[in-house]
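One structure below.
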Amino acid sequence: MAKKEKTAITPTRQENYPGWYQQVVKAADLAENSEVRGCMVIKPWGYGIWENIQRTLDDKFKATGHVNAYFPLFIPKSYFEKEAEHVEGFAKECAVVTHSRLEDDGHGGLKPAGKLTEELIVRPTSETIIGASFAKWVSSYRDLPLLINQWANVVRWELRTRLFLRTTEFLWQEGHTVHASSQEAQDETMMILKLYADFAREYLAMPVIEGRKTESEKFPGAEATYTFEAMMQDKKALQAGTSHFLGQKFAKASNIKFQSKEGVEEFAWTTSWGVTTRLIGALIMTHGDDNGVVLPPRIAPVHVVVVPIYRNEEEQKTVMAFVQELEDALKDMRYHERALQVKVDDRDLRGGEKVWEWIKKGVPVRLEVGPRDVAAASVFMGRRDMEPRQKSGMKMTDFVENVTGILDEIQNNIFKKAETFMNENIISMDDHDVFCDYFTPKNAENPEIHGGFALAHWCGDASCEENVKKDLKVTIRCIPLAQEAEEGRCIVCGKPSTKRVIYAKSY
RNA sequence: CGGGGCGUAGCGCAGUUCGGUUAGCGCACUGGUUUUGGGAACCAGGGGUCGGAGGUUCAAAUCCUCUCGCCCCGACCA
């Protein structure tokens, strides 16, 4: 029997998917658990990815007329109580500040003192406090639309956490806009959804499905929630981000009113939308393999890593001189909106070791340069979209000339691979038994990777949705936007339906 | 927050059932020698209050109680 190729990550995805995820995060040095339960430390490599996500999206928000601002971390409890559904949705996961200082407890420790007259909530989201400002800022239709975004941290006291996917504190971007008409607010909601989905496809190389959330899955207090869902390699769905049409609900709660052209005082129409550091988790589970992370070039902190190979000081000198020349040629180049990021890894470690470290971190292109390469004025290239040993030599000048093309090729390859995987695992189905079978693992004790996205008819009844969730732990991820009306029958109750929805297990 | 599992060196683990030399192993780390187009070999080292606090005992990583943390499943959620 052929010996299994040794992988950098154990367990493999097949062996234990959650275990693999955890090991990848560690091996790629993206983040670690902190001393504070449920919170993570995002390490430089992980934060570098976030910075690129941030920069890219920020440019896109600005280009569509949005401006950044910053609102307080603390929200007075009374603000929070204004929108009933909103309170209900978030109450269970709020961190509450009750005191303003500490004093000696008489036993060598400290105890909280200075009880606050009004308790403060650490923001789980900012609709209410931003709404309070908006109420002051808006008085005329001439003040609209108001297009604001903030980059911030938020806290949701989660019971079960996973690095990047769900932590007590996380980083995100929350857009909040105010409009004079329902239509304009709905257009904004959809425009942002498309912006997100395009970003996911073009930058994260992540295929996604845009759709609308059902009543039970929507944002607490929203009129409508739109989502873009991605498929992870364990065939579960991951909600990658959301865009909400809030109608006049929050305007009424926060008293955001304006005088229309006709001189009539009306409540405004608002939206909110956000993506979080969860996108990094999505990236890992969309492209990662048993050797670690695979980063899309357009979001990678480093595009090209150069590993010099030498045996003695003399070789070191010639190799490093050549590497310097290579670095100089590359570092002034541009790859899409960014400067090409080149990293020369001249640490005093063995070549193979360094190479594997970069494989695990997911750098798109690795160049190994030894004396023989220098003599031939060439480089030895490994690509993260190929096997670790599948390397090839080429003239240094050829590499420099083609590097952006190579990066684009990697970007395309990993998108295609993920897209093929997703498409292969989206199954249209109309039979209830087939549906149940699809979502039931063969080995109940130690469930194998199974299921996928089931495109099935739904009558629109919440009880059908609820039953599926109870029986199979499967939920309606979204009602896809891109579909034709089609006559069919609800996969649960058999009542007539005109649309298919995506059922899947999810994160 | 419920059910299950796990905390032993930086990482991965053995040892715990049935208490008993000086707590081991692999990788990593330090020094040396030899190697090297590539996840090196050999030699010699360093590093542990066995998650924490109590208790039982002549003796506790091992038994008991409590506690903290992590992982998986569930409920909840970006």
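Throughout, protein chains are lettered first and strands after them, A, B, ... in sequence-line order, and every chain is numbered starting at 1.
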* Structure fact -> Result for 5'-nearest mapping on RNA chain B, choosing between A:Arg350 and A:Glu158, is A:Arg350
* Across all strands, who's sitting opposite B:U65 as a Watson-Crick or G-U wobble pair, both distances under 3.5 Å? -> B:A53
* For A:Phe380 and B:G37, say yes or no: do the ring centres fall under 5.5 Å of each other while the ring planes differ by less than 30°? => no
* Asked: Charged N to carboxylate O below 4.0 Å: is that the case for A:Arg347 and A:Glu357?
  -> yes
* If we take the C1' atom in both B:C66 and B:C25, what is their distance in whole Å? -> 33 Å
* How does protein contact run along nucleotides 66-72 of chain B, one letter per nucleotide 5' to 3', with B for base contact, S for sugar-phosphate only, - for none, heavy atoms under 4.0 Å? -> ---SSSS
* To do: Determine whether any donor atom in the side chain of A:Arg311 lies under 3.5 Å from an acceptor atom in the base of B:G37, or the reverse, and answer yes or no.
  => no
* Asked: Charged N to carboxylate O under 4.0 angstrom, A:Asp234 versus A:Arg13?
  -> no
* A:Glu353 side chain: which of B:A75, B:G37, B:A28 is closest? -> B:A28
* **Integer angstrom distance from the P of B:C63 to that of B:U21** => 16 Å
* Assign A:Leu279 to base, sugar-phosphate, or nothing according to its heavy-atom contacts below 4.0 angstrom with the strands shown. => nothing
* Asked: Aromatic ring centroids of A:Phe80 and A:His86 under 6.0 Å?
  -> yes
* Taking side chain as C-beta onward, heavy atoms only, is A:Arg278 less than 4.5 Å from A:Phe170? -> no
* Asked: Just checking A:Gly352: base, sugar-phosphate only, or nothing, at a heavy-atom cut-off of under 4.0 Å?
  -> sugar-phosphate
* Structure fact -> Among the nucleotides B:C1, B:G37, B:A78, whichever has the atom closest to the side chain of A:Arg372 is B:G37
* When we call it a touch if two heavy atoms are under 4.0 Å apart, what does A:Lys213 touch: a base, just sugar-phosphate, or nothing? -> nothing
* Quickly work out the A:Lys391 NZ to B:G39 C1' distance and round it to whole Å. => 9 Å
* In whole angstrom, give me the gap between the P atoms of B:U62 and B:A23. => 14 Å
* Would you indicate what A:Pro371 reaches in the nucleic acid, counting non-hydrogen atoms under 4.0 angstrom: base, sugar-phosphate, or nothing? => base
* Asked: Taking it one step at a time, do A:Asn153 and A:Trp172 satisfy side chain to side chain contact (heavy atoms under 4.5 Å, CB included)?
  -> CA-CA 6 Å; A:Asn153 58 338; A:Trp172 78 347; over 6 Å; no
* Nearest-angstrom distance, P atom, B:A75 to B:U30 -> 48 Å
* Structure fact -> Of A:Pro220 and A:Gly370, the one whose nearest nucleotide on RNA chain B sits closer to the 5' end is A:Gly370
* Test A:Glu368 against A:Lys391 for salt bridge (Lys or Arg N to Asp or Glu O under 4.0 Å), laying out the working first. => CA-CA 10 Å; A:Glu368 302 174 24; A:Lys391 299 185 263 200; 2.9 Å; yes
* To do: Tell me what A:Phe90 touches on the nucleic acid: a base, only sugar-phosphate, or nothing, going by heavy atoms under 4.0 Å.
  => nothing
* Contact class for A:Thr167 (heavy atom, under 4.0 Å): base, sugar-phosphate, or nothing? -> base
* Could you go step by step and tell me if A:Ile192 and A:Glu188 meet the side chain to side chain contact (heavy atoms under 4.5 Å, CB included) rule? -> CA-CA 6 Å; A:Ile192 291 291; A:Glu188 167 81 6; 3.8 Å; yes
* What interatomic distance, in whole Å, is found between C1' of B:C1 and the corresponding atom of B:G47? -> 40 Å
* Do the side-chain N or O atoms of A:Lys26 get closer than 4.0 angstrom to the phosphate oxygens (OP1, OP2) of B:G12? -> yes
* Asked: Roughly, in whole Å, what's the span from NZ in A:Lys92 to P in B:A78?
  -> 12 Å
* To do: Compute the ring centroids of A:Phe61 and A:Trp273, then answer whether they are less than 6.0 Å apart.
  => yes
* For B:G46, the Watson-Crick or wobble counterpart (both distances under 3.5 Å) -> none
